[in-house]
Amino acid sequence: MTAPAWTPDEMMTVAAARRLRDGAVCFVGIGLPSAACNLARMTHAPELVLIYESGTVGARPTVLPLSIGDGELAETARSVIPLPEIFTQYLQRGRVDIGFLGAAQIDRFGNLNSTVIGPYAQPTVRLPGAGGAPEIAAHAREVLVVMKQSARTFVEQLDFCTTPARPSALITDLGVFEPDPATRELCLSAVFDGVAKEDVVAACGWPLRIADRLGTIAPPTADELEILRDLQARTRDAHAARVRIRLPF
Amino acid sequence: MTAPAWTPDEMMTVAAARRLRDGAVCFVGIGLPSAACNLARMTHAPELVLIYESGTVGARPTVLPLSIGDGELAETARSVIPLPEIFTQYLQRGRVDIGFLGAAQIDRFGNLNSTVIGPYAQPTVRLPGAGGAPEIAAHAREVLVVMKQSARTFVEQLDFCTTPARPSALITDLGVFEPDPATRELCLSAVFDGVAKEDVVAACGWPLRIADRLGTIAPPTADELEILRDLQARTRDAHAARVRIRLPF
Amino acid sequence: MTTEFLSLRDAMATHVRDGMTVALEGFTHLIPFAAGQELIRQQRRDLTLVRMTPDLIYDQMVGMGCAKSLVFSWGGNPGVGSLHRLRDAIEHQWPNALTIDEHSHAGMAVRYSAGASGLPFGILKGYTGTGLAVENRAHVATIACPFTGENLTALPAITPDVTVLHAQQADGAGNVLLRGIVGASREAAMAARCLVVTVEEVVEELDAPMNAFVIPAWQVHAIAEVPGGAYPSYALGFYSRDNAFYQAWDEIARSRSDFLAWMERHVLGTVDHTEFLCSVGAAE
Amino acid sequence: MTTEFLSLRDAMATHVRDGMTVALEGFTHLIPFAAGQELIRQQRRDLTLVRMTPDLIYDQMVGMGCAKSLVFSWGGNPGVGSLHRLRDAIEHQWPNALTIDEHSHAGMAVRYSAGASGLPFGILKGYTGTGLAVENRAHVATIACPFTGENLTALPAITPDVTVLHAQQADGAGNVLLRGIVGASREAAMAARCLVVTVEEVVEELDAPMNAFVIPAWQVHAIAEVPGGAYPSYALGFYSRDNAFYQAWDEIARSRSDFLAWMERHVLGTVDHTEFLCSVGAAE
């Protein structure tokens, strides 16, 4: 068997992008969510509305922002508004269709930790913290989570519950989890092409339940791969350049 | 004795304008307060900051607006912001030095009625209502009231308390009232040139107390009168013209 | 949601029904007069009308019997005097009784902001000692700060069934630009379940600086292109406020018969806003 | 109040004192780096630092021992990883112990907005079920809507002693223009008892459209003209975010010794921001 022509990260991004329907209003976190949303916008969902918490509504960046508030986002946005309005008038008012989250730990229901490893008062690892996540999870009509899978981060018990969430799907680098309609527990519903379900079980810290009819996610199309790689390459180039300021004196 | 070369309204406007110190931040109501503020700005207080509740901060109109939100205000303002911010971030936050109010009734402490004559549920006269007045009175560092005087409107008992206020001065068309430091009751502290204190007492519905040392307000200067009359004339001309819209089809 | 581009008649007929809570906002500037007069033509009834300043447009709607209730904070003809039709409704129940839910400007701003934010109520410092707090107990409450113990006033959110705005521009996708004095229009728009906008013009690309007040298309249910749609209020960059008309309204609306005759002739007797503008001599 | 035009050194020395609560705001864009680094040079101590995103500037200030406390909502290096100095302070109390008052972005926005509005607290839907509500009881409370009974979260207002912003322009009178992403800068500015602004340039007349974000001069205590003052964050229209520097910071700040050496050389070893920019190779 030859190695696949794509990386697990690429597959994860493509799988996440495919779940975004055209015209949806998406609250976008930085990193993989941003890559997935922009890939979707550049492929099947040209009218996807991207809201970044910095205050950019309807951003159409040509390179992925490194931060949540790069100039590229402001320059390509339909409008740039104060951050408090993003959280009150858009998110809390219920105007956001899809919220897109990542985290350092997830439990079997989709609750997320991005705050600490170890006790809160004396953490072994201090993580960045909540950001927009708790309210995105509380107010978006639908929540998607993307996280690389490992038994260390897919845990029985979170160290800290930053974000109580009930995602409609969890996309990992191995496959897709969806909630059991009755118990809301996340179960493996599909694996990526070429991934064995045993590998998914091994990389999960809780006893993973598997759907009766386990699906397979089609590999990235040539189009998806090319557009994603172009986007990533443009992004790398853009962020590698140092900035020089012309001082007036 | 010859008739004075100015009207009581003009004297009232001039007396009010003189109380505005340069650089103060003024929350301006429509009508006489607006005339007084702009007269002050055009005479001794060029850096007076005018805030109209419509959202115009630092307006410098050349004619008096008829409404609180004429285009003239927006076009001459330092910035035009949403109305809620005017009331929260400027007024309620304590950023306004002077609030300038009028009303239909006033009592001896300066409380104001601009809501109803008669009972609230079955008024004999329904007046416009509160507008910005209650919060202007509550939050501006200093409140000035301007009202034409009559025993019918300077009352023992308000029909309705729209605005609990403790003005630092009440300027009428006859003179100036200021609060007794101990009781906060408004007492006549000065009369306009040529006005007898008996006339002021007669035109007040409560037993008016008169300050021990009753002052006299100097008549309008030639400058004040000329600038005020020019302003009023420009304003009349501007508001007399009907508007014609050029329809595209 | 895709924004529909409709005639004003269809926009109003589709989205505004008898009994609804409707906010035609715009503070002095950009008042949606054409939309309000179209609702009069369509003989809407039992509306709960919400506006900070009822202005001439609600004087007309109340006088023509469209409203059962009014939520407001200042009900005069700015710089002129009374709204005679509003007074007649409150003082003499003509043409019908009118329930009022009355606030200060600051209070209305808080209520719209709460609605726009998805909160059931908003808070402010104020109302203490006012007759409003006494007479409007259903919509005014006291609440203590859980940290300082300070008492504040709480007011319930306003969430109109429909908010109608007038704006300068929309683009072909349905994004809307407001420029100039916006009052509480944006909050009224975000608070509403349904937003309908009349605009001076539909353009290829909005003439909008980066931090302009733009309402994204996916918030806008319907747009009607109505040049002059804010007359006799104004649309900055298009035409001025007709202050002479505001002054003339005082006489027109003073008596029931003069008012009805004027409305018959200029509103009920015209098919749309263009005809209205020609009829009152405001078009050239 | 008249706005004073000062050197950055004098602006910081005059207005920021040990023990104060200070917010250097700007969300990714217009972060007042020059001002923060000047506070490091002046060896301010025991500050309570407030920012939604501490970013590299608070990583530097915390690492140099300026802070006793941090109020924040997301403490990472955006798109890169950890803020190593912030982690070291929380995990190992180096160089000193750091108290934290931690929130979500929505919570910080509510707290600034309440402060800007003169209210003792603000409300939001949220925090239910989060560890923040459990661990930060001093700054999170539950409050019931007096109209619906619904439970909401209340958070105390933030009112910094001093807020410092960076902006594109000021005019000679002291009016300040912000353009682009503003985050919660305006709320932080209006919440503060004292506002100090660094700007890219002082101009005759602001290049401000009618509804631009302008802070009036009478709200601004002091202005310092500091070209490049937001570097390595950015000032839209002047220079871009130095994403390469943000990535490089990860290595610089990873060890205490490398961090101290870098700060000695580029911040303590330079007299002002222009020298700093030359020293890190960001000036041409």
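Note on naming: letters A, B, ... go to the chains in the order of the sequence lines (proteins, then strands), and numbering restarts at 1 for each one.
Contact count versus chain C (heavy atoms, under 4.5 Å) is highest, among S34(B), S54(B), A121(B), for S54(B). Comparing A241(B), P134(B), G71(B), G55(B) by heavy-atom pairs within less than 4.5 Å of chain C, the highest count is held by G71(B). Chain B forms the most heavy-atom pairs under 4.5 Å with one residue out of G129(C), A133(C), A282(C), and that residue is A282(C). Looking only at heavy-atom pairs under 4.5 Å with chain C, the residue among A74(B), P84(B), A130(B) that has the most is P84(B). Chain C forms the most heavy-atom pairs under 4.5 Å with one residue out of L127(B), T56(B), V125(B), and that residue is V125(B). Between chain B and the options G131(C), A109(C), G76(C), the largest number of non-hydrogen pairs under 4.5 Å is found for G131(C).
Note that the NE2 atom of H92(C) and the CZ atom of R126(B) stand 14.0 Å from one another [nearest 0.5 Å]. Between L91(B) atom CG and H105(C) atom NE2 the span is 12.0 Å, to the nearest 0.5 Å. Annotation: the span from R246(B) atom CZ to F238(C) atom CZ amounts to 14.0 Å, rounded to 0.5 Å. Rounding to the nearest 0.5 angstrom, the gap separating the CD atom in Q122(B) from the CD1 atom in I90(C) is 12.5 Å. Atom OH of Y246(C) and atom NE2 of H239(B) lie 12.5 Å apart (nearest 0.5 Å). In this structure, E53(B) CD and S104(C) OG are separated by 10.0 Å, a value rounded to the nearest 0.5 Å.
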Report the C-alpha separation of Y120(B) and I100(C) in whole Å, then their side-chain angles, then the decisive distance to 0.1 Å, and conclude whether the side chain to side chain contact (heavy atoms under 4.5 Å, CB included) test is met.
CA-CA 11 Å; Y120(B) 183 76; I100(C) 61 173; 3.5 Å; yes
Does the side chain to side chain contact (heavy atoms under 4.5 Å, CB included) test come out yes or no for I68(B) and F27(C), once each step is laid out?
CA-CA 9 Å; I68(B) 209 90; F27(C) 196 86; 3.0 Å; yes
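Across every non-hydrogen atom of Y234(C) and D70(B), the tightest pair is OH-C, 3.2 Å. Considering all non-hydrogen atoms of both residues, H139(B) and K125(C) come closest at NE2-O, 3.0 Å. Among all heavy-atom pairs drawn from A244(C) and R242(B), the shortest one is CB-CD, 3.7 Å. Closest of all the heavy-atom pairs between A283(C) and L247(B) is CB-CD1, 3.7 Å. A pairwise comparison of heavy atoms in V80(B) and G180(C) identifies CG1-O, 3.3 Å as the closest pair. Among all heavy-atom pairs drawn from E102(C) and G129(B), the shortest one is OE2-CA, 3.7 Å.
Side-chain atoms of R186(C) and P82(B), non-hydrogen and from C-beta on, do get closer than 4.5 Å to each other. Looking at heavy atoms from C-beta onward, L83(B) lies out of side-chain contact with E187(C) at the 4.5 angstrom threshold. S114(B) has its side chain out of reach of W74(C): every pair of non-hydrogen atoms, C-beta onward, lies at least 4.5 Å apart.
For chain C, no part of E72(B) is nearby; none of its heavy atoms comes within less than 4.5 Å. S113(C) touches chain B through its side chain: at least one heavy atom from C-beta onward sits under 4.5 Å away, while N, CA, C and O do not. In this structure, chain B has a heavy atom under 4.5 Å from the side chain of M52(C), while its backbone stays farther away. Contacts of Y112(C) with chain B are absent, with no heavy-atom separation under 4.5 Å from either backbone or side chain. Both the backbone and the side chain of R241(C) come within contact range of chain B, with heavy atoms under 4.5 Å apart. Contacts of E135(B) with chain C are made by side-chain atoms alone, with heavy-atom separations under 4.5 Å and no backbone atom involved. The parts of I181(C) that come within reach of chain B are both its backbone and its side chain, each placing non-hydrogen atoms under 4.5 angstrom from that chain. At a 4.5 Å heavy-atom cutoff, V116(B) makes no contact with chain C through either its backbone or its side chain. Residue contact with chain C, scored on non-hydrogen atoms closer than 4.5 Å, involves the backbone and the side chain of P123(B) alike. Both the backbone and the side chain of E91(C) come within contact range of chain B, each with at least one heavy atom under 4.5 Å from a heavy atom of that chain. Both the backbone and the side chain of L132(C) come within less than 4.5 Å of a heavy atom in chain B. Within the 4.5 angstrom heavy-atom criterion, no atom of A138(B) approaches chain C. Proximity to chain B (any heavy atom under 4.5 Å) is restricted, for H103(C), to the backbone atoms N, CA, C and O. With a 4.5 Å cut-off on non-hydrogen atoms, T53(C) does not touch chain B at all.
Within a 6.0 Å sphere centred on CZ of R229(B), heavy atoms belonging to other residues, nucleotides or ligands number more than 12.
Without hydrogens or angle criteria, R244(B) side chain to G281(C) main chain gives a donor-acceptor distance under 3.5 Å.
Contact residues of residues 157-167 of chain B toward chain C are F160(B), C161(B), T162(B), P164(B) (heavy-atom distance under 4.5 Å).
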